[in-house]
2 protein chains.
Amino acid sequence: MSTLDRRDIDILFAIAETNSFSTETIHEATDIPKSTVHYRIQSLKDEGVVENDLFELDRERIGLAITVISEVWAEYGEGYHEEIGTKLSAIEGVNQVYFTMGDTDFVVIARLTSRDMVERLVEDYESIDEIRRTSSKFAITTIKEDVGVSVLRNYEPETLLAAQGISEESVSEE
Amino acid sequence: MSTLDRRDIDILFAIAETNSFSTETIHEATDIPKSTVHYRIQSLKDEGVVENDLFELDRERIGLAITVISEVWAEYGEGYHEEIGTKLSAIEGVNQVYFTMGDTDFVVIARLTSRDMVERLVEDYESIDEIRRTSSKFAITTIKEDVGVSVLRNYEPETLLAAQGISEESVSEE
DNA sequence: ATTGAAACTTGATCGTT
DNA sequence: AACGATCAAGTTTCAAT
């Protein structure tokens, strides 16, 4: 259960930025020798920081222990939601932004390291002119978080197969 | 912009289930020849269904065009939130479940293929005894969704480096 | 823990059906 | 589009530091 050092972090960032985790690519992006990149990634996997070959992370180990879910109400003209959404997206720690219909305008999910960072998040919300009101709650536990390809774990193949028929073609009368 | 057939779906499911996308592993899991697995995965990438080497998916193309965000209120004794959370997690299409503090008990995010599936989701909520009330809204657009390793894209390396110091060791006085 | 170079495994290519 | 055989490329190992 050792801590991550700058090199681990650099490697993980390089993976996220290059969208690749080939030892070759990460070597080129970081100037860390291939064999060391390999060794470090292996260690991260052994220790469980990287949870599988799909590079899902143990967020706690990365230091992102706090999850904040915010509802955001904004005032905006035609087409401005894109712009406000982009501003929300740019706040450090924000990793999901949904533009919603109904009583709320945006739902934002952020992963943060500390109380300080939570305060900063709220300040950053308030610094956006168009934003009228926000309401945030903490997630005590993330019970489930399937993302990327792994979302598929919770569907029947038939459900998605059926969706293909519906989305592209008219109803076929086989 | 062709549709996905059963083979594409089988390959994607195999990736999600085995947590791996080596042609070798997928070949073993599906009995589809290596070169065909390779060919199909390449096609999925070329067409943008698979968006990068981290296997982030274009959810629209997979048929999961609808995003529903639900707040769920429940009645439960000590330690029962785990159980209810598990029930929520098991509903087809649910891919994020947060147990929250404050006015709501759970926040659930589901990705669905059709209106029918939305109705089914709500019915499934209601079929859970402990659940008192739910409130769902649709996301019109997913403006940002960084998940897995890619969450790192929105942090300064220093932020996470600092978090390491805090989480594991006492303050060092270098 | 780090590294360069060697050994090997795998993914990518090619030509055929 | 599917596939088996071939080859290039990248990954993993190894021994030294």
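Residue numbers start from 1 in every chain, and the chains themselves are labelled A, B, ... in the order their sequence lines are given, proteins ahead of strands.
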Not counting sequence neighbours, which residues clear salt bridge (Lys or Arg N to Asp or Glu O under 4.0 Å) with B/Glu71? List them please. A/Lys137
Quick one: do A/Val151 and B/Val68 end up in the same hydrophobic cluster if we chain Ile, Leu, Val, Met, Phe, Trp and Tyr together by side-chain heavy atoms under 4.5 Å apart? yes
Tell me every residue that passes ring pair (Phe, Tyr, Trp, His ring centres under 6.0 Å) with A/Phe21, counting only those two or more places apart in sequence or in another chain. A/Phe55, B/Phe21
Bounded by its outermost nucleotides with an atom under 4.0 Å from a heavy atom of chain A, the footprint on DNA chain C reads C/dA1 to C/dG4
Partners of A/Glu92 by side chain to side chain contact (heavy atoms under 4.5 Å, CB included), sequence neighbours excluded? A/Met117, A/Arg120, B/Tyr155, B/Glu156, B/Thr159
Report yes if at least one side-chain N or O of B/Tyr39 is closer than 4.0 Å to OP1 or OP2 of D/dC3; otherwise report no. no
Expected string for nucleotides 12-17 of chain D under the B/S/- scheme (protein heavy atoms, under 4.0 Å, primed atoms plus P, OP1, OP2 as sugar-phosphate) is SB----
Could you tell me whether the side chain of B/Ile109 reaches within less than 4.5 Å of the side chain of B/Thr67, counting heavy atoms only? yes
Under the side chain to side chain donor-acceptor pair (under 3.5 Å) test, which residues partner A/Asp46, sequence neighbours left out? A/Gln42
Are the charged groups of B/Glu158 and A/Arg6 less than 4.0 angstrom apart, N to O? yes
Does anything in residues 7-22 of chain B come within less than 4.0 Å of DNA chain C? Heavy atoms only, and list the residues if so. B/Ser22
Between D/dA2 (C1') and B/His27 (NE2): distance, integer Å: 14 Å
Just checking, any donor-acceptor pair under 3.5 angstrom between side chains of B/Tyr125 and B/Ser70? yes
Could you state the CD1-P distance from B/Ile32 to D/dA2, rounded to the nearest angstrom? 9 Å
Sorted by chain and number, sequence neighbours left out, side chain to side chain donor-acceptor pair (under 3.5 Å) with A/Lys87 holds for none
Taking side chain to side chain contact (heavy atoms under 4.5 Å, CB included) as the test, write out the residues that go with A/Tyr39, two or more places apart. A/Ser43
Does A/Glu56 have any salt bridge (Lys or Arg N to Asp or Glu O under 4.0 Å) partners at least two apart in sequence or in another chain, and if so, which? A/Arg153
With sequence neighbours left out, what residues match A/Phe99 under ring pair (Phe, Tyr, Trp, His ring centres under 6.0 Å)? A/His81, A/Phe106
Quick one, B/Val147 and A/Asn95 - any side-chain contact, counting heavy atoms below 4.5 Å? no
Need the bend value for the helix from C/dA1-D/dT17 to C/dT17-D/dA1: angle between end axes, 5 pairs each end, nearest 10°. 30°
